[in-house]
Number of protein chains: 2
Amino acid sequence: MNFNKVNTAILDKIKDAVGASNVFVDEESLANYAHDETEDLKYFPEVVVKPHDTGAVSALMKVCNAEGVPVTPRGGGTGLSGAALPVYGGVLLSMERFKKVIEIDTENLQATVEPGVITQEFMDAVGEFGLRYPVDPSSKGSCFIGGNVAHGSGGPRVVKYGTIREYILNLEVVLPDGQVIWTGANTLKYASGYNLTQLMIGSEGTLGVVTKIVTKLIPVIGHSVLMLASFAENEAACAAVSAVFRAGMTPSALEFMERKGVEWVIQYDGIQFDLKDNVNAFLMLEFDGDDMDTIFKDCEKANNVLEAHGCLEVLFADTAAQKEELWKMRRVMAESVKSNSVYKEEDTVVPRAALPKLISGIKEIGAKYGFDSVCYGHAGDGNLHVNIIKAGMSDEDWKHKLKFGITEIFELTAALGGTISGEHGIGLVQKDYMHLKYAEINLNIMRGIKQVFDPKGILNPGKIF
Amino acid sequence: MNFNKVNTAILDKIKDAVGASNVFVDEESLANYAHDETEDLKYFPEVVVKPHDTGAVSALMKVCNAEGVPVTPRGGGTGLSGAALPVYGGVLLSMERFKKVIEIDTENLQATVEPGVITQEFMDAVGEFGLRYPVDPSSKGSCFIGGNVAHGSGGPRVVKYGTIREYILNLEVVLPDGQVIWTGANTLKYASGYNLTQLMIGSEGTLGVVTKIVTKLIPVIGHSVLMLASFAENEAACAAVSAVFRAGMTPSALEFMERKGVEWVIQYDGIQFDLKDNVNAFLMLEFDGDDMDTIFKDCEKANNVLEAHGCLEVLFADTAAQKEELWKMRRVMAESVKSNSVYKEEDTVVPRAALPKLISGIKEIGAKYGFDSVCYGHAGDGNLHVNIIKAGMSDEDWKHKLKFGITEIFELTAALGGTISGEHGIGLVQKDYMHLKYAEINLNIMRGIKQVFDPKGILNPGKIF
């Protein structure tokens, strides 16, 4: 793609558009925004822009569209697919100053929020009104709700409460040419033409810049109990997952963790946990509701299902401190792995009964190519995060052969009816694998849609396809 | 738009493509498919085609795309927006022979089904496995699941279980040029590029012909109780709706019915019901779950909220027969109104706390223009079906002035944060009102997307925009 460089004349226009105090070209700023949480990738922008409002974003897009300068929007920078990396340089558009919770509408159980609000802070803000926004990705303490929209985020509660897709009612979006639209209406239902709200969700900042978000809220839930079930083998743990749902239960979370993940968390975070020798895999199950008796009945029923599927032991956590400790173990796993080894993370998702085949296949492929792996994730959704560990692989093989191993993992995922990302997105690092699951005609339709929104291709170029 | 007529040569090609026994040009067939349930509109196709499989649909689309002949797909013909009317003649593509429930996957709680399966029959089929597909529009006894996908259908259980959007995982689609794609994956999560599945849902058969549908299923629910609350005024009933949710409750249905609707149901269907003089509006609330104690607690809490909001009386139905009788009252309301008067139906939806303003505004607009109205619908979602009754309006005014009244209703809906259709779709009869809610740029984006899928514009032309 051919883009213009940000020369002095263009920089002046950008400063005019958004205000000089919101424009940064110092080396430190450029370096700070050259990476996200994806591996060790670095792409430097030519300029970092931090506007405060929709009007400034619109003015910026008008300049960049006219001048042919690429713009890469960025949320909290916690992405794992490289979607916020400015691979063609140009403008890095940080949404970090869009920090307002504009309205919490307690009459309609809705909120209007700016995209730069940290997800946990939004959850806390609505919690003060006895309301709940249940979409809590592991990075909820630092990711932005705007980035969550861009990636169609999930997290552990999807299994009962659904992804962000089920909570977003309406979006204010600045189009690549600077025009501003609302995608839908502030209603729980919409059958008024193509659903542009749903199209925008998960489009990874390639179709428009989200500047306001209207979400649905639900009543706060009174109680929960967390169970940690241990298994001798990965496959047995994975097989128990679909059994829980077949028994008619709907846990509010059902997470899988491999032994090595737990070992590394213990090392990394100093968590106290008695990891027994015969345990190789864990399931974490949460049941929530307003009535403790019903929750205990669910736990008992789940316990029976788990025992029938080879579970060695079940720990119950019902105090806030115990639950927090177990959740922490799951939440810091990504960081722990990252701190421990050179790694790559894939985000496989399959129909949940296929999980045993997926995990044993991943281990076989690893043995063939010489890499190790640590798997964990939202097993209740069939969503397994595969952390590929360099282990004994040579630098040469890591650089040149690993991609064939990843290809085999995705081919297996597709063969099992799954897809190559459940919640992390395609971004930069998965786009070469899209053809393993999707026909060229699917990709061409996506390219066509991109062209409708962004004829000059200036918004987050080089991503998805 | 310029389309070719189906001449003898083209008809022969169509017969070659789909088999002569699946092609109908007799007058009776053409008349049978010239209307759906939308008012008294009639548009005759030139030929009716009833293929059995994806290959035949693909072959048909190739011929029609090459020859420039319009194709209008049709499900059960129960639509209320005229989306299945062949306004430019050409081919009427009836999906009535796509009747197979292909797979009920009890391991993954998913099903694969053809679009011509009647919604209730699909619900019954999965019910035999102890599973539930909860999307039950009022027409569930005759509408097709394919039509439900095309319209993003709702129904009374949306308020707890969500619209069809939350149950469709993947679609097999024949594109306007005959190419066949799967839109996504059979997974509970998808973050692999633009969500073509969600884009297809609610696109009213304008982007492609759905030939296979993969749905999520949930466990069957053990129990439910239905409550019928009566009010002296529409506004009081509508104000009680948002109060129920603000109290932290999530009913599995919350329907509103105006007195006149109930009167007409009693007349039309001979339902036994003691309609008291001081009652002018009803709310129907359903609570469901696996535990009767919890349900009774919810009912009691709801009862308190309703009493605090001016409710006159609450009837409880907990036997199957009582519940069926009440549901029947709600379900036959559309038919009863239709049998009683010349009417037009609008499908307004607003944030639910705005319902009192919506309904009183509708009555004021009616008084101004001289039409009567019967309102009922899914109040829990803020979704009010407005049945406009000719009443004392002259034929002349009905023909020429009513549209200004409808315009005012939609302007009010939009001003309250709502949209012009919650679940019926835009189709033919609402398209002239789209600009009241959506900017020209929104409509142009929709037109652009249409162009990507259907460059020749042959698939269901004349709809939405």
Side-chain angles (χ1 to χ4, degrees), chain A residues 106-110 151-152 154 158 162-163 166 179 181 184-196 198-199 202-203 219 242 245-246 248 250 291 294 349-353 381-383 417-426 434 437 439 441-442 445-446 448-449 452-453 464-465, chain B residues 106-110 151-152 154 158 162-163 166 179 181 184-196 198-199 202-203 219 242 245-246 248 250 291 294 349-353 381-383 417-426 434 437 439 441-442 445-446 448-449 452-453 464-465:
Chain A
T106 57
E107 293 290 302
N108 288 300
L109 313 194
Q110 297 182 3
H151 283 75
V158 168
T163 71
E166 299 179 22
Q179 293 191 82
I181 64 168
N186 296 4
T187 53
L188 296 168
K189 288 157 113 179
Y190 168 97
S192 305
Y194 304 156
N195 198 309
L196 302 183
Q198 289 294 327
L199 181 59
S203 66
S242 58
F245 294 89
R246 287 202 307 276
T250 306
D291 181 62
T294 310
V349 57
V350 293
R352 67 167 87 89
D381 308 314
N383 187 195
T419 183
I420 68 173
S421 177
E423 56 178 27
H424 293 173
I426 300 304
M434 277 289 274
K437 174 69 186 179
I441 175 74
N442 289 56
I445 289 171
M446 292 185 197
I449 292 169
V452 170
F453 282 80
I464 305 180
F465 34 70
Chain B
T106 56
E107 294 291 301
N108 288 300
L109 312 195
Q110 297 182 3
H151 284 76
V158 168
T163 70
E166 299 180 24
Q179 292 191 83
I181 64 168
N186 296 2
T187 53
L188 295 167
K189 288 157 114 178
Y190 167 96
S192 305
Y194 305 156
N195 198 311
L196 303 182
Q198 290 293 328
L199 181 58
S203 65
S242 59
F245 294 89
R246 288 202 306 275
T250 306
D291 180 63
T294 309
V349 58
V350 293
R352 67 168 88 88
D381 308 314
N383 186 194
T419 183
I420 69 173
S421 177
E423 55 176 29
H424 293 171
I426 300 305
M434 278 289 274
K437 174 69 187 177
I441 176 74
N442 290 55
I445 289 172
M446 292 185 199
I449 292 170
V452 170
F453 282 79
I464 304 179
F465 33 70

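Just the heavy atoms: all of them, side chains too, but no hydrogens, waters or symmetry mates, feed the values below. Below, read A as the first sequence line, B as the second, and so on, with proteins coming before strands; counting in each chain starts at 1.
Looking at B/M446, both its backbone and its side chain come within 4.5 Å of chain A, counting heavy atoms on both sides. For B/T163, the part lying near chain A is the side chain, with the backbone staying farther off; criterion is any non-hydrogen pair under 4.5 Å. Of the atoms belonging to B/Q179, it is side-chain heavy atoms, and not backbone ones, that fall under 4.5 Å from chain A. Only the side chain of B/T294 comes within contact range of chain A, with heavy atoms under 4.5 Å apart. With a threshold of 4.5 angstrom between heavy atoms, A/I445 approaches chain B through its backbone and through its side chain. Contacts between B/N442 and chain A at a heavy-atom distance below 4.5 Å involve backbone atoms as well as side-chain atoms. Heavy atoms of A/D291 lying under 4.5 Å from chain B belong exclusively to its side chain. With a 4.5 Å cut-off on non-hydrogen atoms, A/V158 touches chain B through its side chain but not through its backbone. For B/F453, the part lying near chain A is the side chain, with the backbone staying farther off; criterion is any non-hydrogen pair under 4.5 Å. Looking at B/I449, both its backbone and its side chain come within 4.5 Å of chain A, counting heavy atoms on both sides. B/I464 touches chain A through its side chain: at least one heavy atom from C-beta onward sits under 4.5 Å away, while N, CA, C and O do not.
Your options are B/E166, B/Q110, B/H151, B/E423, and the one with the most heavy-atom pairs under 4.5 Å with chain A is B/E166. Highest contact tally toward chain B, considering only A/G248, A/P351, A/P219, is held by A/P351 [criterion: heavy-atom pairs under 4.5 Å]. Interface remark: of the candidates A/S242, A/G184, A/G152, A/G184 forms the most heavy-atom pairs closer than 4.5 Å to chain B. If you tally non-hydrogen atom pairs under 4.5 Å between each of B/T106, B/I420, B/V349 and chain A, the highest count goes to B/V349. The residue among B/A439, B/G382, B/G162, B/G425 with the most heavy atom pairs within less than 4.5 Å of chain A is B/G425. Across A/G193, A/G202, A/G154, the residue that shares the most heavy-atom pairs under 4.5 angstrom with chain B is A/G193. Among A/L199, A/T250, A/L196, the residue with the largest count of heavy-atom pairs under 4.5 Å with chain B is A/L196.
Here NE2 of B/H424 is found 8.0 Å from NZ of A/K189. Values are rounded to the nearest 0.5 Å.
In plain terms, the two heavy atoms of B/G417 and A/A185 that are nearest each other are O-CB, 3.9 Å. Here the shortest heavy-atom pairing between B/I181 and A/I441 reads CG2-CG2, 3.4 Å.
Side-chain contact check for B/N195 versus A/Q198: every heavy-atom pair is 4.5 Å or farther apart.
Counting only N and O atoms by type, the side chains of A/S192 and B/T419 include a donor and acceptor under 3.5 Å apart.
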